[in-house]
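The first residue in the sequence is number 1, and the count goes up from there.
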Amino acid sequence: MPVEEKRKITEQEALITGSEAIAVACKLANVDVVTAYPIRPYDTVMQYISQLVADGEMDCEYIVAEGEHSQFEIVKHASVCGARVFCGSSGVGWMYAMEALTVTPALRVPMVAMVGNRALDDPGAFGVEHNDALAVRDLGWNLTWVDSAQEALDTALIAYRFAEDPRMFVPCALSCDGAFLTHSQALVKIPTQDQVNEFLPRYNRGKLLFHPDNVISVAPQVNEDWVMEIRRQNYAITEIAPTVLRQVYAEFERIFGRKYGNPFWEEYMTEDADVVLLGMGTLSTPVKVAIRKMREQGKKVGFVRLRWFRPFAGPEIAKALERFKAIGVIDRDFSFGSPNLSGVVATEVRSAMYTGAATRPPVIGFIGGLGGREVHVEDVEQVTDITFQAAQGKPQPLTQWIGLRE
C-alpha cells in the first residue's frame, strides 16, 4: 500500500481548539512533567491536559504551582534532570515568570511553552496582543506563531524535536492568539503514536544531565570572568538554529506527509504581486479574505505570514521581499519610544531590508488588532491602499494605526 494511502487510514480527525491541539501534541510526545497555573486564555491547554491525565489517556507528573514563577522554575529544573517538560502562560502571567524565563536559555533547557497571547495590563484586557511573548525576544528564546489548530499541533511536535536536538538545547515559546486560536475549534488530523515516536526520539541530555552520578555545575556564579564567553557560546547556537530548523521540518514532512515549505514564513498570492502585506498569527484569516477580494478587483497584492520570529531568517526574508514595490507590516504589538512608534515586526523587517536587500522598497508599519480587537477586511483594504501609495512614491508616515474608533 502506498505511504500516502496508509497515512490517510491511520491518521484520525478531531474537532478541537488550538489549545486542545497542543495538549494532544504533549500526549503524543510523552511529556514527563507538566506544570500549570490558570490564566486566560492559556488555561484551556492546562484544563485539557488535566482531563487527559484524569481519564488515564496521558501519563505525566501534573503539578499545579502557586504561581507562574514557580511553574517555570519547576519545569526548568525537571528538564536539566532529563525530563521532557511543558508549561505556559499568558499576558501578565508570562511577565510574572520573567526571572525564570530570563535564565532558561543560558542554562541550555529545551523547554516548550505555550503562550496564549494576551494584552498586558493595564487597562485590563483578555484579548490577543503579541507583546507578552515578544518580551523574551532578545534572551535566547525561540519564538513561533501559528494560525491554525493543525499548525499548532504540528509545530508543538516540531518544537520538541528542534529544542531537544543536542546541537541546540534551547527553549521554544509557541504563541497562539488568544480566543481566535486558543478557543476556536477546527478539524485537526492527529498522527499516530508510531509516527510521532519515529519523529521524536527520547530526550537525552547526555553529559549535560544533572544527576548524582554525573557531577556538574548548573548556573555557576562567574561574574566578569566568563560572562562574555558564555554569551558568545549562546549566540553561536542562534547562528546554526535556521539550519537545524530546516532539517527538522524536512524530517517532519517525510514522516507525516504535511508540507510547510519554508519553515520561516508562508507566502500567499505573491507570485505576481506588486506589494505585499506581512504579519503573524491569526491575522492571516482576514488578510487572506481581503486579498482574494482585492485580486478580483485587479489589485496585485500578496501576503507573507511569519512563522518563526526567532530565529529570524533576516537575509533570506530580505531577499524574498526585495522584489516587491512596497511592504505593509501589520503589528499586533507596540514598541513605545521606538523610531516612529514602529511595531516590533516592522522594525525587524526594516533592519533586515537595510542589511540584506539589494533594493530597499518602502516598509510601512501598521499597528492594529490590539486587545483582541478584530482586524476587518476594510482595515486590510485601507492598509493595502496606503502601501500602494508608498509604492508609487507618495510620502507616508512610517507607522500608522488602523481600526481606531472615531
Side-chain angles (χ1 to χ4, degrees), residues 33 69-85 87 94-113 115 133-144 158-174 201-248 263-264 308-318 335 338 344 347-348 351-352 354-356:
V33 178
H69 186 280
S70 296
Q71 181 187 351
F72 280 87
E73 282 292 320
I74 292 167
V75 288
K76 182 184 76 177
H77 290 88
S79 180
V80 299
C81 293
R84 178 171 289 160
V85 300
C87 62
W94 181 254
M95 306 304 289
Y96 183 46
M98 185 55 72
E99 181 186 24
L101 297 177
T102 299
V103 301
T104 296
L107 295 180
R108 304 296 298 277
V109 174
M111 178 192 303
V112 174
V115 185
L134 287 170
V136 299
R137 67 189 176 119
D138 299 325
L139 301 178
W141 277 79
N142 294 271
L143 302 172
T144 181
I158 287 168
Y160 275 112
R161 174 68 182 267
F162 172 67
E164 293 175 1
D165 187 297
R167 294 169 290 179
M168 303 304 298
F169 281 176
V170 292
C172 289
L174 201 163
R202 291 192 61 81
Y203 171 37
N204 182 4
R205 284 191 70 82
K207 64 182 180 181
L208 295 179
L209 180 68
F210 189 62
H211 190 274
D213 295 335
N214 185 46
V215 182
I216 61 173
S217 293
V218 177
Q221 189 75 30
V222 298
N223 296 329
E224 71 277 4
D225 294 331
W226 289 104
V227 169
M228 285 188 61
E229 287 73 17
I230 293 172
R231 294 284 185 263
R232 182 62 185 88
Q233 289 175 355
N234 290 334
Y235 183 76
I237 301 168
T238 69
E239 292 178 306
I240 66 169
T243 298
V244 176
L245 200 55
R246 289 188 187 94
Q247 293 170 354
V248 172
F264 300 99
W308 287 85
F309 185 81
R310 288 287 187 272
F312 191 87
E316 293 88 348
I317 201 164
S335 181
S338 63
V344 175
T347 299
E348 294 276 328
S351 175
Y354 183 83
T355 57

Between [X] (side chain) and [Y] (backbone), is there a donor-acceptor pair under 3.5 Å?
| X | Y | answer |
| --- | --- | --- |
| Arg310 | Arg137 | yes |
| Asp165 | Val244 | no |
| Tyr235 | Ile230 | no |
| Ser351 | Thr347 | no |
| Tyr160 | Val85 | yes |
| Ser79 | Val75 | no |

Val170/Trp141 under side chain to side chain contact (heavy atoms under 4.5 Å, CB included): CA gap, chis, key distance, verdict: CA-CA 7 Å; Val170 292; Trp141 277 79; over 6 Å; no
I need the minimum non-hydrogen distance between Pro105 and Asn234, along with the two atoms involved.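 Here Pro105 and Asn234 meet closest at O-OD1, 4.4 Å.
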Of all heavy-atom pairs between Val33 and Ala78, which one has the smallest distance, and what is that distance?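 Scanning both residues, the minimum pair turns out to be CG2-CB, 4.1 Å.
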Starting from the C-alpha separation in whole Å, work towards a yes-or-no answer on side chain to side chain contact (heavy atoms under 4.5 Å, CB included) for Cys81 and His211. CA-CA 6 Å; Cys81 293; His211 190 274; over 6 Å; no
Establish, for the pair Arg205 and Phe210, whether the NZ or CZ atom is under 6.0 angstrom from the six-membered ring centre and no further than 45 degrees off its axis.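 Because its charged atom misses either the 6.0 Å distance or the 45° angle limit, Arg205 does not stack over Phe210.
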I'd like to check [X] versus [Y] (side-chain heavy atoms, cut-off strictly below 4.5 Å). Are they in contact?
| X | Y | result |
| --- | --- | --- |
| Phe264 | Pro311 | yes |
| Gln221 | Asn223 | yes |
| Pro171 | Val109 | no |
| Ile237 | Arg108 | yes |

Under the ring pair (Phe, Tyr, Trp, His ring centres under 6.0 Å) criterion, do Trp94 and Phe72 qualify, and how do the steps go? CA-CA 10 Å; Trp94 181 254; Phe72 280 87; 5.6 Å; yes
So how far is it from [X] [atom1] to [Y] [atom2], rounded to the nearest 0.5 Å?
| X | Y | atom1 | atom2 | value |
| --- | --- | --- | --- | --- |
| Asn142 | Leu245 | CG | CG | 8.0 Å |
| Asn214 | Leu208 | CG | CG | 8.0 Å |
| Arg84 | Met111 | CZ | CE | 14.5 Å |
| His77 | Leu107 | NE2 | CG | 8.0 Å |

Passing candidate, side-chain hydrogen bond (donor to acceptor under 3.5 Å, both in side chains) with Glu73, options His69, Gln71, Lys76: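 Only one option passes, and that is Lys76.
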With Val136, which of Leu139, Leu134, Asp138 fulfils side-chain contact (heavy atoms from CB on, under 4.5 Å)?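 When side-chain contact (heavy atoms from CB on, under 4.5 Å) is applied between Val136 and each of Leu139, Leu134, Asp138, only Leu139 qualifies.
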List the steps, then state whether side-chain hydrogen bond (donor to acceptor under 3.5 Å, both in side chains) holds for Arg167 with Gln247. CA-CA 12 Å; Arg167 294 169 290 179; Gln247 293 170 354; 2.9 Å; yes
Could you go step by step and tell me if Met168 and Ile240 meet the side chain to side chain contact (heavy atoms under 4.5 Å, CB included) rule? CA-CA 8 Å; Met168 303 304 298; Ile240 66 169; 4.0 Å; yes
Should we say atom OH of Tyr96 is surrounded by more than 12 heavy atoms from elsewhere, each under 6.0 Å from it?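 No, because the 6.0 Å sphere around OH of Tyr96 holds 12 heavy atoms or fewer from other groups.
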Check the pair Trp308 / Leu143 against side chain to side chain contact (heavy atoms under 4.5 Å, CB included), numbers first and verdict last. CA-CA 6 Å; Trp308 287 85; Leu143 302 172; over 6 Å; no
